Visitor: 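Starting off with a structure, shown below.
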Amino acid sequence: MFKSWNECVIVDLPDLDGVQIVWTPAEAARLLSEHWPVSYGSAYNTALNACTDAMLGTASEDQARQAFVAAAKEAKIKMMR
C-alpha cells in the first residue's frame, strides 16, 4: 500500500464521468498514463516521473503531489483542490 498525501487533489478529467479524488502517487500515475488529455509537456513528464519515483520510494509523496498539480495546470484541467 502506498502512502497517502496529506491533502487530496480533485480533478475533473474530460474522458471520465465525475471528478477524480486523488490521494496517492499511484492513483495520480494511473490517471496521467491512462486518462490524461495530453501526453506531452514538461510538467506532464515531470509528474509521471515523480509519481513513479514516489511509488518506488526514491522521491517524496509531496514532490509527486506538487508535480501532479503542476501537470494539471499545464493541461488546463479543472481542479477543485
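Since the model is a prediction, treat every value here as computed from it, not as a measurement.
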Visitor: Of the non-hydrogen atoms in Pro25 and Glu61, which two are nearest, and what is the gap between them?
Guide: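 Minimum heavy-atom contact is CG-CG, 4.0 Å.
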Visitor: Between OG of Ser60 and CZ of Arg65, what distance do you get to the nearest 0.5 Å?
Guide: 11.5 Å
Visitor: How about CG on Asp15, more than 12 heavy atoms from neighbouring residues, nucleotides or ligands closer than 6.0 Å, or not?
Guide: yes
Visitor: Shortest non-hydrogen contact from Val11 to Ala72?
Guide: CG1-CB, 4.4 Å
Visitor: Tell me which one of Val9, Leu13, Ile77 satisfies side chain to side chain contact (heavy atoms under 4.5 Å, CB included) with Leu31.
Guide: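 Filter result, single survivor: Leu13.
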Visitor: Would you name the heavy atoms of Met55 and Ala26 that are closest together and state the gap between them?
Guide: SD-CA, 3.6 Å
Visitor: Consider only side-chain heavy atoms of I, L, V, M, F, W and Y, link residues closer than 4.5 Å, and tell whether Met80 and Val69 are in one cluster.
Guide: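 No, Met80 and Val69 fall in different hydrophobic clusters.
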Visitor: Given side chains that start at C-beta, do those of Glu27 and Gln20 come closer than 4.5 Å, heavy atoms only?
Guide: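 Sidechains of Gln20 and Glu27: no contact.
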Visitor: Sequence neighbours excluded and cut-off under 3.5 Å, please list the side-chain donor-acceptor pairs for residues 40-53, or say none.
Guide:
unit_1 : atom_1 : unit_2 : atom_2 : d
Tyr44  : OH     : Leu32  : O      : 3.2
Asn45  : ND2    : Gly41  : O      : 3.2
Thr46  : OG1    : Ser42  : O      : 2.9
Asn49  : ND2    : Asn45  : O      : 3.2
Thr52  : OG1    : Leu48  : O      : 2.8

Visitor: I need the minimum non-hydrogen distance between Ala64 and Trp5, along with the two atoms involved.
Guide: C-CZ2, 4.1 Å
Visitor: Please name the pair of heavy atoms, one in Ala75 and one in Val38, separated by the smallest distance, quoted to 0.1 Å.
Guide: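 Looks like CB-CG2, 3.9 Å.
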Visitor: What pair of heavy atoms forms the shortest contact from Trp23 to Cys8, and how long is it?
Guide: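 Closest pair (atom of Trp23, atom of Cys8, distance): CE2-CB, 3.4 Å.
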Visitor: Spell out, yes or no, whether Phe68 and Met79 are grouped together once hydrophobic residues are joined by side-chain heavy atoms under 4.5 Å, including indirect joins.
Guide: yes
